[in-house]
Chemist: 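Encoded as structure tokens, here's the structure I'll be asking about.
Below, each value reflects all heavy atoms present in this structure, side chains not excepted, and no hydrogens, waters or symmetry copies. These numbers come from a predicted model, not from an experiment.
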Amino acid sequence: MIRVLVVDDSAIVRRVLSEQLNALDDVEVVGTAVDPYVARDRIMQLKPDVMTLDVEMPRLDGLSFLATLMRHHPIPVVIVSSLTPRNSDTALRALALGAVEVVPKPGSSYSVPDVGRELARAVRVAARAKLRPQAETEAGPELLPSTGLLTTHKVIAIGASTGGTTAIEDVLRRLPRTTPGIVIVQHMPEYFTGPFAKRLNQFCEMEIREGEDGDPVVPGVAIVARGARHMVLQRSGAKYVVRIKDGPPVHHQKPAVDPLFESVAQACGPNAVGALLTGMGADGARGLLSMREAGAQTIAQDEATCVVFGMPREAIKLGAAQEVVPLPNIAQRILTCLGSEAGKPAAKH
């Protein structure tokens, strides 16, 4: 049974969330709190497995409480917020501070059709998550020195889900501005991907931007798939461009990693490197296998550094990953692969 503490200043929201969670066979709401001060005492008394947390609260805001909590008493946290374009950056900051998931509050402007199902999924994911040390989350890794990789003929494809916002940032921070073009799918709603790309762009040497249909994939630029649309890679003469497409969800996700990886396998063959990072489920595993079969170099994040090991585990089970690499080493492995003969199996770790 997953024991949950619900923290929100609204009595109505506390009641609705409690009812939705208590209706699940494997979840029990063991307590509620009106603000972080009450939540602090409830955590010590009740020892919940997961906490849901609002961002905007009186006395102390959710982000300040989250930062303190992750330093002194880490606990898996699901942010339940009134998600809007105005405060989506705040929610991204919460993920950077250590929150496992962010879901819309019932009745919010961007509430999904089945909020209860999304909340249940997030709580179950959080209960299985491994929390990273706060110092690792807060401190940005040093950038690697430039390696002079100047080619439009190589492409890096990255996919991630739960825990991926910080994992992707970790990888991109370590790459020089001369790195070949990167295409990225992170499971996110449409109102998150733009702020996510802008946030990354503040910290990375490469230019990071949300994808537009027809954007060229060129050195020094990383393109993030926009929410609610799939993104695929297409060859256009001697160049690569991204195409933004509608269509049904894949693995219940849109954007999904598999369509991107499969398109990279078809368009690039051995001139690509694929990296599948932390996340729940199996999205990206078959796509990574397609890339490997096409001659690309393929990497999966190791279990010890994943928040949730689902996606990399499935890729490893399929034989899709040539290497299983800890998160802090993935950027260097990508650069090494790009500097080696494409498609040649790399040494095992």
Side-chain angles (χ1 to χ4, degrees), residues 1-36 38-57 62 65-66 69 73-84 87-88 91 94-95 98-131 161-163 187-192 227-228 248-254 256 279-283 307-311:
M1 188 68 71
I2 302 171
R3 295 161 48 83
V4 178
L5 174 67
V6 174
V7 184
D8 197 291
D9 61 311
S10 167
I12 295 175
V13 172
R14 293 197 303 274
R15 177 177 58 80
V16 170
L17 296 183
S18 297
E19 289 175 352
Q20 291 176 336
L21 291 172
N22 281 327
L24 304 173
D25 293 337
D26 57 341
V27 178
E28 177 189 7
V29 175
V30 294
T32 64
V34 69
D35 63 34
V38 177
R40 177 192 58 194
D41 296 335
R42 293 280 193 273
I43 289 170
M44 302 310 295
Q45 294 167 358
L46 302 172
K47 297 180 173 54
D49 302 310
V50 176
M51 181 176 70
T52 71
L53 180 64
D54 190 16
V55 172
E56 298 174 335
M57 290 182 292
F65 179 50
L66 179 64
L69 190 68
H73 194 89
I75 178 176
V77 172
V78 174
I79 296 294
V80 182
S81 178
S82 300
L83 302 179
T84 67
N87 65 11
S88 56
L95 291 171
V100 177
E101 289 273 359
V102 177
V103 299
K105 186 176 291 188
S108 63
S109 301
Y110 284 85
S111 182
V112 295
D114 193 342
V115 176
R117 173 182 288 184
E118 182 66 12
L119 177 64
R121 181 199 62 79
V123 166
R124 287 167 176 150
V125 168
R128 296 173 55 182
K130 294 179 296 182
L131 302 182
S161 184
T162 305
H187 293 167
M188 271 187 169
E190 58 184 319
Y191 43 90
F192 262 28
V250 177
H251 296 285
H252 309 287
Q253 301 293 337
K254 192 163 69 169
M280 176 71 79
D283 187 24
V307 173
V308 176
F309 190 49
M311 288 161 53

Chemist: How long is the gap from NE2 on His187 to CD on Glu101, to the nearest 0.5 Å?
Modeler: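 Here the rounded value is 11.0 Å.
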
Chemist: Taking all non-hydrogen atoms of both residues into account, name the closest pair between Val307 and Gly163 and its distance.
Modeler: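 Heavy atoms of Val307 and Gly163 come nearest at CG2-CA, 3.8 Å.
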
Chemist: Which heavy atom in Gly279 sits nearest to a heavy atom in Ser161, and how many Å separate them?
Modeler: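 Smallest interatomic distance, heavy atoms only, reads CA-CB, 3.7 Å.
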
Chemist: Measuring only between side-chain heavy atoms, which start at C-beta, is Met280 closer than 4.5 Å to Arg128?
Modeler: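 They are in contact (side-chain heavy atoms under 4.5 Å apart), so the answer is yes.
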
Chemist: What pair of heavy atoms forms the shortest contact from Ala122 to Val78, and how long is it?
Modeler: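 Of all heavy-atom pairs spanning Ala122 and Val78, the closest is O-CG2, 3.7 Å.
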
Chemist: Name the residue from Leu53, Leu5, Val50, Leu95 that meets the side-chain contact (heavy atoms from CB on, under 4.5 Å) definition with Val77.
Modeler: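 The single option meeting the side-chain contact (heavy atoms from CB on, under 4.5 Å) with Val77 is Leu53.
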
Chemist: Quick one: CG on Leu21 to CG on Leu119, what's the gap to the nearest 0.5 Å?
Modeler: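 Between Leu21 CG and Leu119 CG, I get 4.5 Å after rounding to 0.5 Å.
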
Chemist: Are the side chain of Asp8 and the backbone of Asp54 linked by a donor-acceptor contact shorter than 3.5 Å?
Modeler: no

Chemist: Would you compute the distance between atom NZ of Lys105 and atom CG of Leu17 and round it to the nearest 0.5 angstrom?
Modeler: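 Atom-to-atom, Lys105:NZ and Leu17:CG are 8.0 Å apart.
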
Chemist: Assess whether atom CZ of Arg3 is packed by more than 12 heavy atoms of other residues, nucleotides or ligands within 6.0 Å.
Modeler: yes

Chemist: Which pair of heavy atoms, one from Leu46 and one from Gly31, lies closest together, and at what distance?
Modeler: CD1-CA, 3.9 Å

Chemist: Indicate yes or no for a side-chain donor-acceptor contact from Arg14 to the backbone of Val34 under 3.5 Å, with no hydrogens or angles considered.
Modeler: no

Chemist: List the steps and the verdict of side-chain contact (heavy atoms from CB on, under 4.5 Å) for Val100 and Leu131.
Modeler: CA-CA 8 Å; Val100 177; Leu131 302 182; 4.2 Å; yes

Chemist: Identify the two heavy atoms, one from Ala126 and one from Pro76, that lie closest to each other, and give their separation to 0.1 Å.
Modeler: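 Result for this residue pair: O-CB, 3.3 Å.
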
Chemist: Might you point out which heavy atoms bring Ala94 and Ile79 nearest each other, and give the distance in Å?
Modeler: CB-CG1, 3.8 Å

Chemist: Rounded to the nearest 0.5 Å, how far does CZ of Arg40 lie from CG of Asp35?
Modeler: 9.0 Å

Chemist: If I take atom CE from residue Met1 and atom CG from residue Leu24, how far apart are they, to the nearest 0.5 angstrom?
Modeler: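 Those atoms lie 9.5 Å apart.
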
Chemist: Let me confirm one number: the OG1-CZ distance from Thr32 to Arg42, rounded to the nearest 0.5 Å.
Modeler: 6.5 Å

